[in-house]
Enquirer: 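I have a structure I would like to understand better, so I am pasting it below and will then ask my questions one at a time.
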Amino acid sequence: MREYLLTLCITAAVTYLLTGPVRKFAIVAGAMPEIRARDVHREPTPRLGGIAMFFGLCAGLLVADHLTNLNEVFAKSNEPRALLSGAALIWLIGVLDDKFEIDALIKLGGQMIAAGVMVMQGLTILWLPIPGVGNVALTQWQGTLLTVALVVITINAVNFVDGLDGLAAGMVCIAAGSFFLYAYRIWYSYGIEAAAPGTLFAAILMGMCLGFLPHNMHPARIFMGDSGSMLIGLVLSAGAISITGQVDPDALALFTGSEKAAVHQTVPVYIPLLLPLTIIAVPAADLVLAIVRRTWRGQSPFAADRGHLHHRLLEIGHSHSRAVLIMYFWSALIGFGALAYSVNSASMWIVLGVVFLSAVGLVLLLLPRFTPRVPLWAQRFVPPRYRRRSVPAAAAESAAPEVTESEERSPVTAGVSGVNGATAIGARSRFLDRR
């Protein structure tokens, strides 16, 4: 565990330290697109945060290669090299897209090629554990198609959810945390060496996200862009594929009996890993809803709009930070709920706990619908949004001129003092004018 934590910390430190210089490089390179109609932020913000995340990935793999216990992962398996090759290709495509806005079909083709590169180097699904049947061996073409499909779907699911400051990095970090605990349990408790690469990938992925989050929380100073969202989506899918398709349920020794009994008893363990979308269920649901919504309107599935789940939360009345925290809550509930169920599927307390937390999540979702009226004597003890407004303030607000959406979201040119993207070029006071 100490070597995994060391790898995680070094990955996070390298990512954190490189994000600042990368931000200045993105401003100089002009990777600061104008505000679009579907964007939530109001000021031009540099992209290319995936550059720092990629070098954090390289640093994590390099450190792990020189550690005593983790060195065996590189000696016995080619999966780390396969991951690095696919990650380098998808990262390069993302960098070009952040700068030059590549067509969606070209990006899709690049994602499939990156997945194919990993398959050619051994990172693929070999078999599937199916309840009531046992292990079903896949042919080379079946394993390749299934692996490519899982990688492409996971990459796009993470890319679709990257719409609010800190949302994608936080949700993937939560998913990687639950996945790391599960993979480490298989590797350490049962002594299965085939789970070691997936455990390493999850630790490095957590380091990449934790190192980038301080720069990306609201208000974000830099965005990860497609170079970062596609990269972390690929790493997350690679870890799930590594364990799902290459760990034999018979080796877990959880039973005494036939292989069918093994698979049946390990169903709670393998259901979250057969499809990585279960780990990132919220981005996956957003992906499916977006495709259905756009095709229903006669648009391309890759056409951008403002109908994602995080946009809906803002329309309901949640603030930016609260919308992100609610998405974190649901990701943690699904990821760690599946983890707890895989550890002890016979416990009714786990099911009741998940149901109770789901009810709490629904209350949080609908919280803006309820605006209770607070008595006058309790006004000072509640947040300002629950206080009664005075008549002059309400009259002044009603008399204020209306601002149209086009005026409210008018693009701000980079170079104006006070713009996030221009702070590396022009000076800006970091303190508010209290006059």
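The first residue of the sequence shown is numbered 1, and numbering continues consecutively from there.
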Enquirer: Do the non-hydrogen side-chain atoms of Q111 and V151 ever get within less than 4.5 Å of each other?
Expert: no
Enquirer: Would you mind telling me which of L126, L146, T147 makes a side-chain contact (heavy atoms from CB on, under 4.5 Å) with L138?
Expert: L146
Enquirer: Heavy atoms only: give me the nearest T144-Q140 pair and the separation to one decimal.
Expert: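 Heavy atoms only, the tightest pair is OG1-O, 2.7 Å.
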Enquirer: Parallel, tilted or perpendicular: which describes the rings of F180 and Y184, with under 30° parallel and over 60° perpendicular?
Expert: parallel
Enquirer: If only atom types and distance count, is the side chain of N78 paired as donor or acceptor with the main-chain N or O of G122 below 3.5 Å?
Expert: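 Looks like no, no N/O pair under 3.5 Å.
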Enquirer: With side-chain contact (heavy atoms from CB on, under 4.5 Å) as the criterion, how do L236 and F201 come out once you've worked through the C-alpha distance, each side chain's angles and the decisive distance to 0.1 Å?
Expert: CA-CA 8 Å; L236 179 62; F201 297 164; over 6 Å; no
Enquirer: Give the minimum heavy-atom separation between M224 and D98, together with the two atoms involved.
Expert: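 In terms of heavy atoms, the two residues are closest at O-OD2, 3.9 Å.
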Enquirer: Please check if the number of heavy atoms outside Y16 that lie under 6.0 Å from its OH is greater than 12.
Expert: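 Incorrect, the count does not exceed 12.
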Enquirer: With a 4.5 Å cut-off on side-chain heavy atoms, are L61 and F74 touching?
Expert: yes
Enquirer: So R2 and L6, do their side chains get closer than 4.5 Å, heavy atoms only?
Expert: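 Side chain of L6 against side chain of R2, heavy atoms only: no contact under 4.5 Å found.
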Enquirer: I'd like to check the salt bridge (Lys or Arg N to Asp or Glu O under 4.0 Å) partners of K99; sequence neighbours left out, ordered by chain and number.
Expert: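 Counting only residues at least two positions away or on another chain, K99 forms no salt bridge (Lys or Arg N to Asp or Glu O under 4.0 Å).
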Enquirer: So, for A82 and L123, which heavy atoms are closest and what is the spacing to 0.1 Å?
Expert: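 Result for this residue pair: CB-CB, 4.0 Å.
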Enquirer: Within the supplied structure, the quantity of interest is the number of heavy atoms (other residues, nucleotides, ligands) at a distance under 6.0 Å from M112 CE; does it exceed 12?
Expert: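 Atom CE in M112 is not packed in, count stays at 12 or less.
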Enquirer: Evaluate the side-chain proximity of S85 to M118: yes if any heavy-atom separation is below 4.5 Å, no if none is.
Expert: no
Enquirer: Treating S178 as the side-chain partner and A175 as the backbone partner, does any N or O pair qualify as donor plus acceptor under 3.5 Å?
Expert: yes
Enquirer: Any sub-3.5 Å donor-acceptor pair from D165's side-chain atoms to M217's backbone N or O?
Expert: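 Absent.
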Enquirer: Taking side chain as C-beta onward, heavy atoms only, is D65 less than 4.5 Å from L70?
Expert: no
Enquirer: Run the numbers on F329 and L357 for side-chain contact (heavy atoms from CB on, under 4.5 Å), then give the verdict.
Expert: CA-CA 9 Å; F329 173 83; L357 293 176; 4.2 Å; yes
Enquirer: To the nearest 0.5 Å, tell me how far T7 OG1 sits from L62 CG.
Expert: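 Nearest 0.5 Å value for the OG1-CG distance: 10.5 Å.
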Enquirer: Could you measure the distance from the CE atom of M171 to the CH2 atom of W330? Nearest 0.5 Å is fine.
Expert: 12.0 Å
Enquirer: Between M206 and C173, what is the shortest heavy-atom contact and its length?
Expert: CG-O, 4.0 Å
Enquirer: Rounded to the nearest 0.5 Å, how far apart are CG of L213 and CE of M208?
Expert: 12.0 Å
Enquirer: Would you say N159's side chain and M230's backbone share a donor-acceptor pair under 3.5 angstrom?
Expert: no
Enquirer: Could you tell me whether a side-chain N or O of R23 sits under 3.5 Å from a main-chain N or O of R221, the two making a donor and an acceptor?
Expert: yes
Enquirer: Quick check against the 3.5 Å criterion: does W91 have a side-chain atom that pairs as donor or acceptor with the backbone of G50?
Expert: yes
Enquirer: Side chains of I241 and T124, heavy atoms from C-beta outward: is any pair under 4.5 Å?
Expert: no
Enquirer: Find out whether F55 and V22 are in side-chain contact, i.e. whether some heavy atom of one side chain is under 4.5 Å from a heavy atom of the other.
Expert: no
Enquirer: Please answer whether the main-chain N or O of A238 pairs with a side-chain N or O of S242 as donor and acceptor at a distance below 3.5 Å.
Expert: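 Checking the backbone N and O of A238 against the side chain of S242, no donor-acceptor pair under 3.5 Å is found.
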Enquirer: Would E79 and L83 count as a side-chain contact (heavy atoms from CB on, under 4.5 Å) here? Give the steps.
Expert: CA-CA 6 Å; E79 294 180 9; L83 172 65; over 6 Å; no
Enquirer: Heavy atoms only: give me the nearest T19-A52 pair and the separation to one decimal.
Expert: OG1-CB, 3.6 Å
Enquirer: Where do A168 and V158 come nearest, in terms of heavy atoms and distance?
Expert: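 The pair with the smallest heavy-atom distance is CB-O, 4.3 Å.
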Enquirer: Can you tell me if F25 has over 12 outside heavy atoms packed within less than 6.0 Å of its CZ?
Expert: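 Open: at most 12 neighbouring heavy atoms sit under 6.0 Å from CZ of F25.
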Enquirer: For the CE atom of M53 and the CD1 atom of I51, what is their distance to the nearest 0.5 Å?
Expert: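 It is 12.0 Å, given to the nearest 0.5 Å.
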Enquirer: Would you give the length of the straight line joining atom CG of L234 to atom OG of S229, rounded to the nearest 0.5 angstrom?
Expert: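 Going from the CG atom of L234 to the OG atom of S229 covers 11.5 Å.
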Enquirer: Any chance you could lay out the side-chain contact (heavy atoms from CB on, under 4.5 Å) test for D97 and S227, step after step, and finish with the verdict?
Expert: CA-CA 8 Å; D97 180 69; S227 58; over 6 Å; no
Enquirer: For the OH atom of Y4 and the CD1 atom of I204, what is their distance to the nearest 0.5 Å?
Expert: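 Reported to 0.5 Å precision, the distance equals 10.0 Å.
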Enquirer: Would you check if I222 and F212 make a side-chain contact, meaning some heavy-atom pair closer than 4.5 Å?
Expert: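 Yes, side chains in contact.
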